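Written below as structure tokens is the structure these notes are about.
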Amino acid sequence: MEDPFGIYKVILDVPYKFRAVVSPQITDMASKAIEIENIFNYRGLNSDNLVQEIPGSDIRPYVAGDSFHSINWKVSAKVGDIMVRVPDNMERQTVTMLLLADEKEEDKYTITALKRRDYFLEFIVSAAWYFASEDMPVKFIYPAGRISQFTVDSKKSFSEFYSIVADGIFYNSPGVYKDLKNTLNNQGKGVYGEDTWIVVTENPKENEEFCRIY
């Protein structure tokens, strides 16, 4: 503090704590650990928003612009004209990605814990961006106080997920962490069927991988 004439100047130390929130970077770190070609299969959950065209059973004459892959050669040979299969819409498939955040609250503001959380979040948003860029739906299960879910299947939904996850992963009780672990233990049962699962563990124990694919 300084008086209006600049004669006196007083400096006081005022103890004050604040938390700076830094948004995670979007990098390619997740693509090095996750290969879409290796995990994409036909067992995952369906997306509510995305569909893909598949050859249907209905037949019509070929018109300019139709894919040559849609031509039904047997029918074409019988009728003497080029016939194509009319495409049907099929829901795209997805994988489930479970985010097992660290449950320890007592040391979450230490330098080690903050660096670990930064790495964890960077991997998550990079994975979400990777899937969104490939138009491949992925369902995230994560702690936001309670267990929450969010499906990323486009760049628009990625933006929504990014704003949620950047500073919204936490447990409001120890029981939520146990429930999340139980969700992992019950993967392959119930509504999750036979999904492909990617489990990301923020603070893996000895001999435990940071990213596991089931």
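As the structure is a prediction and not an experimental result, all values here were calculated from the model.
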**Item:** Derivation of the side-chain contact (heavy atoms from CB on, under 4.5 Å) call for Ile124 and Tyr142
**Value:** CA-CA 11 Å; Ile124 292 166; Tyr142 59 96; over 6 Å; no
Distance, nearest 0.5 Å, that separates [atom1] of [X] from [atom2] of [Y]:
X      : Y      : atom1 : atom2 : result
Lys139 : Thr96  : NZ    : OG1   : 7.0 Å
Ser154 : Glu160 : OG    : CD    : 7.5 Å
Arg60  : Asn72  : CZ    : CG    : 12.5 Å
Thr110 : Lys115 : OG1   : NZ    : 10.5 Å
Asp153 : Met136 : CG    : CE    : 11.5 Å
Lys104 : Arg116 : NZ    : CZ    : 7.0 Å

**Request:** Show your reasoning for whether side-chain contact (heavy atoms from CB on, under 4.5 Å) applies to Phe161 and Val138.
**Result:** CA-CA 11 Å; Phe161 179 70; Val138 55; over 6 Å; no
**Asked** Do any N or O atoms from the side chain of Ser126 and from the backbone of Thr27 form a donor-acceptor pair under 3.5 angstrom?
**Response** yes
**Prompt:** Do the side chain of Ser76 and the main chain of Met83 share a donor and acceptor less than 3.5 angstrom apart?
**Reply:** yes
**Prompt:** Honestly curious: do Phe170 and Tyr109 fall in one hydrophobic cluster under the side-chain, below-4.5 Å linking rule?
**Reply:** no
**Message:** If you count every heavy atom of other residues, nucleotides or ligands that lies below 6.0 Å from Ile7 atom CD1, does the total exceed 12?
**Reply:** yes
Nearest heavy-atom neighbours spanning [X] and [Y]:
X      : Y      : answer
Pro143 : Leu180 : CD-CD2, 3.9 Å
Cys211 : Ile198 : SG-CG2, 3.7 Å
Phe123 : Met29  : N-SD, 3.6 Å
Trp197 : Thr183 : CH2-O, 3.8 Å
Tyr162 : Pro24  : OH-O, 2.6 Å
Lys205 : Glu208 : N-OE1, 2.8 Å

**Item:** Leu99 and Phe120: CA distance, side-chain angles, deciding distance, side-chain contact (heavy atoms from CB on, under 4.5 Å) verdict
**Value:** CA-CA 9 Å; Leu99 312 180; Phe120 181 65; 4.0 Å; yes
**Request:** Would you mind reporting whether Phe150 and Val165 have side-chain heavy atoms less than 4.5 Å apart?
**Result:** no
**Message:** Do Tyr130 and Asp28 have side chains that approach each other closer than 4.5 Å (heavy atoms only, starting at C-beta)?
**Reply:** no
**Request:** Only counting residues at least two apart or in another chain, list the ones meeting side chain to side chain donor-acceptor pair (under 3.5 Å) with Glu202.
**Result:** Arg117
**Request:** Could you please spell out the steps behind the side-chain contact (heavy atoms from CB on, under 4.5 Å) verdict for Phe131 and Val95?
**Result:** CA-CA 10 Å; Phe131 282 110; Val95 297; 4.1 Å; yes
**From Asn203, Val199, Thr201, Val200, residue fulfilling side-chain contact (heavy atoms from CB on, under 4.5 Å) relative to Phe210** = Val200
